[in-house]
Amino acid sequence: MPELPEVETVRRGLATWVVGRRIASVEVRHPRAVRRHVPGPEHFAAAIAGRTVVDVRRRGKYLWLPLDSGDAVLGHLGMSGQMLLQPADAPDEKHLRVRFGFADEGPELRFVDQRTFGGLALSEGGADLPAEIAHIARDPMDPDFSDTAFVAALRRRRTEIKRALLDQSLISGVGNIYADEALWRARLHGLRPTDALTRPAVGRLLGHVRDVLAAATDEGGTSFDALYVNVNGESGYFDRSLAVYGREGLPCRRCAAPIRREPFMNRSSFSCPRCQPRPRGAARG
DNA sequence: CGCAGGCCCTGGTAGC
DNA sequence: TGCTACCAGGGCCTGC
């Protein structure tokens, strides 16, 4: 569920609360949370303890905390990951995975993750950009994202447009929710073949992707339940603004046709049957 | 190489 | 009531 707007909301919260603070202790409560850190949980904890957080950065759905050692704590929230600032004496969350205590004895940083798809790792020398995520494309809010290169790369693909939007090596930060929302705004069905889209059509779609990501970030992200929250445990409000996602059977906000839901990659796609006609030859869901 | 699909997880809920 | 089945889904990995 956390896509770019949700991760950016968390990044901003962390930037406010942890930059400039020295980490005094690291406690890994569940080894799966640091499974991407090959040297293991003990190494993870030892390499971070004593270091100061100097920044909080993001690319797509990945976050990282550059440390004064030149390394970085790299994190992904997966589906249910949370980064929470909590008083040190607050009771442990049920799904607390990693706890960071600070030398100033102020609020702790806690990584909480119910479904454990998320995780943390120490990226050696990764303060600027962790090598582990070098394959992740820039996201569309990155000032160095190239629109023309994206349009060209997308049109070279031999796949469907929604699959391309979800491909983090082509454009990062977009997940199932915002892909559906951007496609609705662009009046494109997700099964449209990428190589049949014109440059202007892809350019318009990219504009809608950017618009919906920006609007959702302004609202603090989207949340349907208590799983996604910012660092203070608060939910965003963008779910009120969704046009198609999760709105099966409800009227399209443009034309009032009932929103349809179709199976897609073991999950669901939502679209308007009138504004977003299924392309010729595409199998019915 | 590009692309498609399986798998990892667990809490909530629908259905019987 | 209590059980089971299913669903949510991002990214890594494998196989074609």
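Here the structure is a predicted model, which is why all the values come from computation and not from measurement. Each chain gets a letter, A, B and so on, in the order the sequences are listed, and its residues count up from 1. Only heavy atoms go into these numbers, but all of them, side chains included; no hydrogens, no water, no symmetry mates.
Minimum atom distance to the side chain of A:Lys61 is reached by C:dG11, of the listed B:dC9, C:dG11, B:dC3. Here B:dA4 is the nucleotide among B:dA4, B:dC9, C:dC7 with the atom lying nearest to any side-chain atom of A:Arg163. For A:Thr116, whose side chain is taken as the heavy atoms from C-beta onward, the closest listed nucleotide among B:dC9, C:dC12, C:dG10 is B:dC9. Nearest nucleotide to the side chain of A:Arg158, out of C:dC12, C:dG11, B:dC3: B:dC3. Nearest to the side-chain atoms of A:His95 among the listed nucleotides C:dA8, C:dG10, B:dT10 stands B:dT10.
Counting only N and O atoms by type, the side chains of A:Ser172 and A:Arg59 include no donor and acceptor under 3.5 Å apart. Side-chain atoms of A:His76 and A:Glu132 form no donor-acceptor pair, as typed in the model, at a separation below 3.5 Å. When only modelled atom types and interatomic distance are considered, A:Tyr178 and A:Glu6 share a side-chain donor-acceptor pair under 3.5 Å.
Two residues, A:Arg97 and A:Asp167, neighbour DNA chain B, and the one matched to the more 5' nucleotide by heavy-atom proximity is A:Asp167. Both A:Arg32 and A:Glu160 lie close to DNA chain B; mapped to their nearest nucleotides by heavy-atom distance, the more 5′-ward contact belongs to A:Glu160.
Straight-line distance from the CD1 atom of A:Ile133 to the C1' atom of C:dG10: 14 Å, rounded to whole Å. Rounded to whole angstrom, the span from the CZ atom of A:Arg267 across to the P atom of B:dA4 amounts to 14 Å. A:Arg157 has its CZ atom 13 Å from the P atom of B:dC1, to the nearest Å. A:Asn266 has its CG atom 11 Å from the C1' atom of C:dC7, to the nearest Å. Put simply, CG on A:Asn176 is 10 Å from C1' on C:dG10, counting in whole angstrom units. Residue A:Leu166 contributes atom CG, which lies 7 Å from atom P of C:dG10 at whole-angstrom precision. Computed from coordinates, the A:Arg155 CZ to B:dG2 C1' distance equals 18 Å when rounded to whole Å. Rounded to whole Å, the distance from CD on A:Gln114 to P on C:dG10 is 15 Å.
The aromatic rings of A:His43 and A:His37 sit parallel, their planes meeting at an angle under 30°, below the 60° perpendicular limit.
One finds no side-chain N or O of A:Tyr178 lying less than 4.0 angstrom from the OP1 or OP2 phosphate oxygen of C:dG10. For the pair A:His76 and C:dC12, the criterion of a side-chain N or O lying under 4.0 Å from OP1 or OP2 is not met. In this structure, A:Ser268 reaches the C:dA8 phosphate: one of its side-chain N or O atoms is under 4.0 Å from OP1 or OP2. At the phosphate of B:dC8, neither OP1 nor OP2 sits under 4.0 Å from any side-chain N or O atom of A:Arg115. Phosphate contact (OP1/OP2 of C:dA8, side-chain N/O of A:Arg261, threshold under 4.0 Å): present.
Without hydrogens or angle criteria, A:Gln168 side chain to A:Leu166 main chain gives a donor-acceptor distance under 3.5 Å.
Contact annotation for A:Arg35: no contact, since no heavy-atom pair falls under 4.0 Å across all strands. Within the nucleic acid shown, A:Phe264 has no heavy atom closer than 4.0 Å to any nucleic acid atom. Among the atoms of the strands shown, none is found under 4.0 Å from any heavy atom of A:His30.
Both tests hold for A:Arg254 against A:Trp184: distance to the six-membered ring centre under 6.0 Å, angle to the ring axis within 45°.
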